[in-house]
Amino acid sequence: MTDKKPRAFSGIQPSGKIHIGNYTGALQPWVEAQSEVDGIYCVVDLHALTATDIGSGKSVGERSREVAALYLACGLDPGASTIFLQSEVWTHPYLSWVLETQVPLGWLSRMTQFKSKSKEADSVPTGLLTYPVLQAADILLYDADIVPVGEDQKQHIEIARDIAQRFNSTYGTAFVLPQPLIGTHGSRIMGLDEPTAKMSKSRALVNQGHSIGIVDDPEAISRAIRRAVTDSGTRIDVQNAGAGVRNLLNIYKSFSGASDRALAARFDGRGYGVLKNSLAELLVDTLAPIRNAYQRILAERSYLDEVLNSGRERALRISTGKVARVMEILGLRG
Ligand code: AMP
Ligand code: TRP
């Protein structure tokens, strides 16, 4: 008998351009952990309804399929991992509502993301406030032990844990307490145009030079790296690099797996142009096969349909069991 593998759950919103930060912070760690976990990866399209670029260009449905194709193109194997669309599994908004009846309003209004996003908006949708509860439902429905995400999601995983803990201590154990899994590098890639701000999908809509899309073509990748902001000096010092060069080094490190020592041996004392050329080459080489696979998968409609159908069936099987347990605990069934 082998021990049961830990369960991992994570997701990406089908909004904006999926970038190299999403790759190093999420997709790459998911793929790397694939043989050691029972991985469940969701395209969180209901969360994306809170994004402000909704309605521009492609439908959410189209973008969701693209994100699912990207999961596969990056190396998630549907034989080993479960891939599905959140809106196809009714238990997510259902459990979210049930949890909302239990979560203190103050927990949600204090969330960093809510505070910053609601400052930007003229009118704040309620879904922006309850967003972390839906995310908690996503995770708790599957008894996820670990949630592999980028650094920016830490607070969201912590609140999911708090919600689970509060529910368990009030009603009796229903949920596993999840742990975030955040990598040491690659979990916070900064904008190429502004290395003091996190690379984000929404900012990419305003400035083309902000991010690199996972499926950008080689010319666009090289151009974005050429134009990336560096530091005020001219020579690289790996240990003491400023924000711009540190970000480029960090991206290099995430994509190559090189150690700090190897980075120093390769780049210390050299000009910024050398780093930019090496990095552009590394990104083009790594991303080209992903881009090819992505285009192939999207062109072959029935394969993706099959993956998403079987993912949905497994997600439903697991999560309806959890919902039944919660209904029983709450006395919803007489
Ligand atoms: P989102 O773009 O908000 O849907 O994020 C999807 C996943 O990518 C989450 O796990 C994020 O933490 C991660 N992520 C987003 N932006 C970055 C970034 N700049 N660096 C590293 N990880 C990121
Ligand atoms: N909020 C996450 C993000 O923006 C996406 C997300 C939704 C998620 N549900 C999740 C991530 C569950 C991990 C687990 O990146």
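Indexing begins at 1, ligand by ligand and atom by atom, following the structure's order.
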Which distance, rounded to the nearest 0.5 Å, do you find between the [atom1] of [X] and the [atom2] of [Y]?
| X | Y | atom1 | atom2 | result |
| --- | --- | --- | --- | --- |
| Y252 | S278 | OH | OG | 5.5 Å |
| R203 | D193 | CZ | CG | 7.5 Å |
| R7 | D38 | CZ | CG | 4.0 Å |
| L129 | W107 | CG | CH2 | 14.0 Å |
| S211 | M199 | OG | CE | 5.5 Å |

So which of A48, G21, G11, P14 gets nearest to atom 23 (C) of ligand 1, if we judge by its closest heavy atom?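 Going through A48, G21, G11, P14 one by one, G21 has the nearest heavy atom to atom 23 (C) of ligand 1.
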Which option out of I12, T24, I18, N22 puts a heavy atom nearest to atom 5 (O) of ligand 1?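 Comparing heavy atoms across I12, T24, I18, N22, the nearest one to atom 5 (O) of ligand 1 lies in N22.
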Report the part of M190 in contact with ligand 1, treating N, CA, C, O as backbone and CB onward as side chain, heavy atoms under 4.0 Å; options are side chain, backbone, both, neither. neither
Could you see which bit of S15 sits under 4.0 Å from ligand 1, with heavy atoms only: side chain, backbone, both or neither?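 Near ligand 1, S15 shows nothing, with every heavy atom at 4.0 Å or more.
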Which residue and non-hydrogen atom of the protein lie closest to [atom], and at what distance in Å?
| atom | answer |
| --- | --- |
| atom 3 (O) of ligand 1 | Q13 NE2, 4.0 Å |
| atom 9 (N) of ligand 2 | D138 OD2, 2.7 Å |
| atom 10 (O) of ligand 1 | G150 N, 3.1 Å |
| atom 20 (N) of ligand 1 | I189 N, 2.9 Å |
| atom 3 (C) of ligand 2 | Q153 NE2, 3.2 Å |
| atom 5 (C) of ligand 2 | G11 O, 3.7 Å |
| atom 1 (P) of ligand 1 | K201 NZ, 3.3 Å |
| atom 12 (O) of ligand 1 | D152 OD1, 2.4 Å |
| atom 8 (C) of ligand 2 | Q135 NE2, 3.4 Å |

State whether a side-chain donor-acceptor pair under 3.5 Å links [X] with [Y].
| X | Y | result |
| --- | --- | --- |
| H47 | Q86 | yes |
| N240 | D237 | yes |
| D77 | Q34 | no |
| S319 | T91 | yes |

[X] heavy atoms, cut-off 4.0 Å: which ligand 1 atoms fall inside?
| X | result |
| --- | --- |
| R188 | 20 (N), 21 (C) |
| S187 | 20 (N), 21 (C), 22 (N) |
| K198 | 19 (N) |

May I ask you to decide if the ring planes of W90 and Y94 are parallel, tilted or perpendicular, using 30° and 60° as cut-offs? perpendicular
Check ligand 2 against [X] and write out every atom of the ligand that is under 4.0 Å from a heavy-atom position of the residue.
| X | result |
| --- | --- |
| V44 | 5 (C), 6 (C), 7 (C), 9 (N) |
| V147 | 13 (C), 14 (C) |
| Q13 | 4 (O) |
| H47 | 7 (C), 9 (N) |

Any non-hydrogen atom of H47 lying under 4.0 Å from ligand 1? no
Please confirm whether G186 approaches ligand 1 to less than 4.0 Å, judged on its heavy atoms.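 Yes; G186 lies near enough to ligand 1 that a heavy-atom distance drops under 4.0 Å.
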Taking 4.0 Å as the limit for heavy-atom contacts, which would you say applies to I139 with ligand 2: side chain only, backbone only, both, or neither?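 Looking at I139 and ligand 2, just side chain atoms fall under 4.0 Å.
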Given that the side chain starts at C-beta and the backbone is N, CA, C, O, which of these parts of V149 lies under 4.0 Å from ligand 2, counting heavy atoms, or is it both or neither?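 The side chain, only.
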Indicate, with yes or no, if the rings of [X] and [Y] have centres closer together than 6.0 Å.
| X | Y | answer |
| --- | --- | --- |
| F114 | Y131 | no |
| H92 | F84 | yes |
| F255 | Y23 | yes |

If you group Ile, Leu, Val, Met, Phe, Trp and Tyr by side-chain heavy-atom gaps below 4.5 Å, do L316 and Y142 land in one group? yes
